[in-house]
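All remarks here apply to the structure that follows.
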Amino acid sequence: MPELPEVEVTRQSFADRIDGARVEAVRVGKPLRWPLGVAPAELLGAEVGAASRRGKYIWLPLRRAAGRGIDGGLLLHLGMSGSLSFSSTSAPAGVHDHFDLITSSGVLRLTDPRRFGAVVWSPALDQPPASRLLAALGREPFDPALTGADLHTAWRGKRVSVKQALLAGDVVVGAGNIYACEALFMAGIDPRLPCGRLSRPRCDRLLEAVRAVLRRALEVGGTSLRNFKDAHGDPGAFQFEAKVYGREGQSCTTCGVASGVKIRRVVQGQRSTFFCPVCQRR
DNA sequence: AAGTGGACCTGCTAGC
DNA sequence: TGCTAGCAGGTCCACT
């Protein structure tokens, strides 16, 4: 579920409420992608700080307080199917609830059927294991210093498709399968084009499209394909605005109304890519 | 070195 | 109705 907008919407939906809370208990369910890396008891009594986001990760700082707890933080990732909820009451844990941080302000709960998500303790963001997990991440899409020239430079000479290059997230983070498809549509670029063949102006346009798509998704609370909800339990609405994602065989909203041009689906790097063969050019 | 494919794990849906 | 194949929002790792 979670690409940058979903992660950010989730973060915003609980950050204020958990800030300053005291960790009272920790419940660990089935194993997630990586081990927690700390004995849950070590966290008890720690004070929670302001949750931040880097790429699709959420960093929840913890501080030793009143002689209890441990300095560091939890790095959370929602994987493919994860979501976080924050509620003042602690409902019984369901089969897919694999981590509860029970605090004086409420319970932060990770629900993740496929368990590709993770909750990893780290002594600091810039120390392992967090630093190692974040090391390969590209720039934040809304970093004002990031320009199309950065994409152009990073992709020079590379043969991977621009769609896969976006998904790789080592130049610019945040666009997953849905938003990469949507951004390429908005920019009018064929997703199969080798990224090294993109002209500088098209890199500018692509970055602008990535930003526009992510910004819009943030505005409407992200995409809820199956069951994404923010920590309040509210779903997003971007799925109603997708122009290509999941629309294989349907008419292109831009050119297909009169001409009957249909959205196509191809597989790139074992992921579905949706595009308009007319609007998106090589 | 860059590029490709497999791995992780579970649930849902379309099709027979 | 019941089974199976195929698909799903991510990303790390091993191999060529």
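All chains are named by letter (A, B, ...) in the order of the sequence lines, taking the proteins before the strands, and each is independently numbered beginning at 1. In what follows, every heavy atom counts, from backbone to side chain, and hydrogens, waters and symmetry copies are set aside.
Atom CG in A:Asn177 sits roughly 13 Å away from atom C1' in C:dT11 (whole-Å rounding). In this structure, A:Leu167 places its CG atom 15 Å from C1' of B:dG3, rounding to the nearest Å. The CD atom of A:Gln270 sits 8 Å away from the C1' atom of B:dT4 (whole-angstrom rounding). To the nearest angstrom, C1' of B:dA2 lies 12 Å from CD of A:Gln164. A straight line from CG of A:Leu214 to P of C:dG9 spans 16 Å, rounded to a whole angstrom. For the pair A:His98 NE2 and B:dG11 C1', the computed distance is 12 Å after rounding to whole Å. At whole-Å resolution of the value, CG in A:Asp97 and P in B:dG11 are 13 Å apart. The distance from atom CG of A:Leu78 to atom P of C:dA8 is 19 Å, rounded to the nearest whole Å.
Remark: C:dG9 base-pairs with no nucleotide; criterion is Watson-Crick or G-U wobble with both hydrogen-bond distances under 3.5 Å. Base pairing annotation: B:dC9 forms no Watson-Crick or G-U wobble pair, as no partner gives both donor-acceptor distances under 3.5 Å. In a base pair of the Watson-Crick type (N1 to N3 plus N6-O4 or O6-N4) or a G-U wobble (N1-O2 and O6-N3), with each distance short of 3.5 Å, C:dT1 is matched with no nucleotide.
Residue-level contact check: A:Arg159 touches the backbone only, with heavy atoms under 4.0 Å from sugar-phosphate atoms and none from bases. Across all strands shown, A:Arg132 has no heavy atoms under 4.0 Å from either base or sugar-phosphate atoms. Residue A:Phe238 is out of contact with every strand shown, counting any heavy-atom pair closer than 4.0 Å.
For the OP1/OP2 pair of C:dG9 and a distance below 4.0 Å, the side-chain nitrogens and oxygens of A:Arg271 include at least one atom meeting the criterion. Within the 4.0 Å cut-off from OP1 or OP2 of C:dG9, at least one side-chain nitrogen or oxygen of A:Tyr245 is found. Within the 4.0 Å cut-off from OP1 or OP2 of B:dT10, at least one side-chain nitrogen or oxygen of A:Lys30 is found. Between A:Ser272 and C:dC7, a side-chain N or O to OP1/OP2 separation shorter than 4.0 Å is absent. A:His77 has no side-chain polar atom (N or O) that falls below the 4.0 Å cut-off from OP1 or OP2 of C:dG10.
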* To do: Given side chain to side chain donor-acceptor pair (under 3.5 Å), test A:Thr253 with A:Lys243 step by step and report yes or no.
  => CA-CA 7 Å; A:Thr253 54; A:Lys243 301 282 196 293; 5.4 Å; no
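Between the side chains of A:Ser272 and A:Arg265, at least one donor N or O sits under 3.5 Å from an acceptor N or O.
Between C:dG9 and B:dG3, the distance separating the two C1' atoms is 24 Å to the nearest Å.
For A:Asp71 and A:Arg64, the salt-bridge test fails: no basic side-chain N is under 4.0 Å from an acidic carboxylate O. Note on A:Arg216 versus A:Glu219: salt bridge recorded, some NZ/NE/NH1/NH2 to OD/OE distance being below 4.0 Å.
Here the options are A:Arg192, A:Gln268, A:Arg197, the test is side chain to side chain donor-acceptor pair (under 3.5 Å), and the partner is A:Ser161; only A:Gln268 passes.
In terms of polar N and O atoms assigned as donor or acceptor, the side chain of A:Arg115 never comes within less than 3.5 Å of the base of B:dT10 in a complementary pairing. A donor-acceptor contact under 3.5 Å links the side chain of A:Arg114 to the base of B:dC9.
In terms of modelled atom types and a separation under 3.5 Å, the side chain of A:Gln280 and the main chain of A:Asp190 share no donor-acceptor contact.
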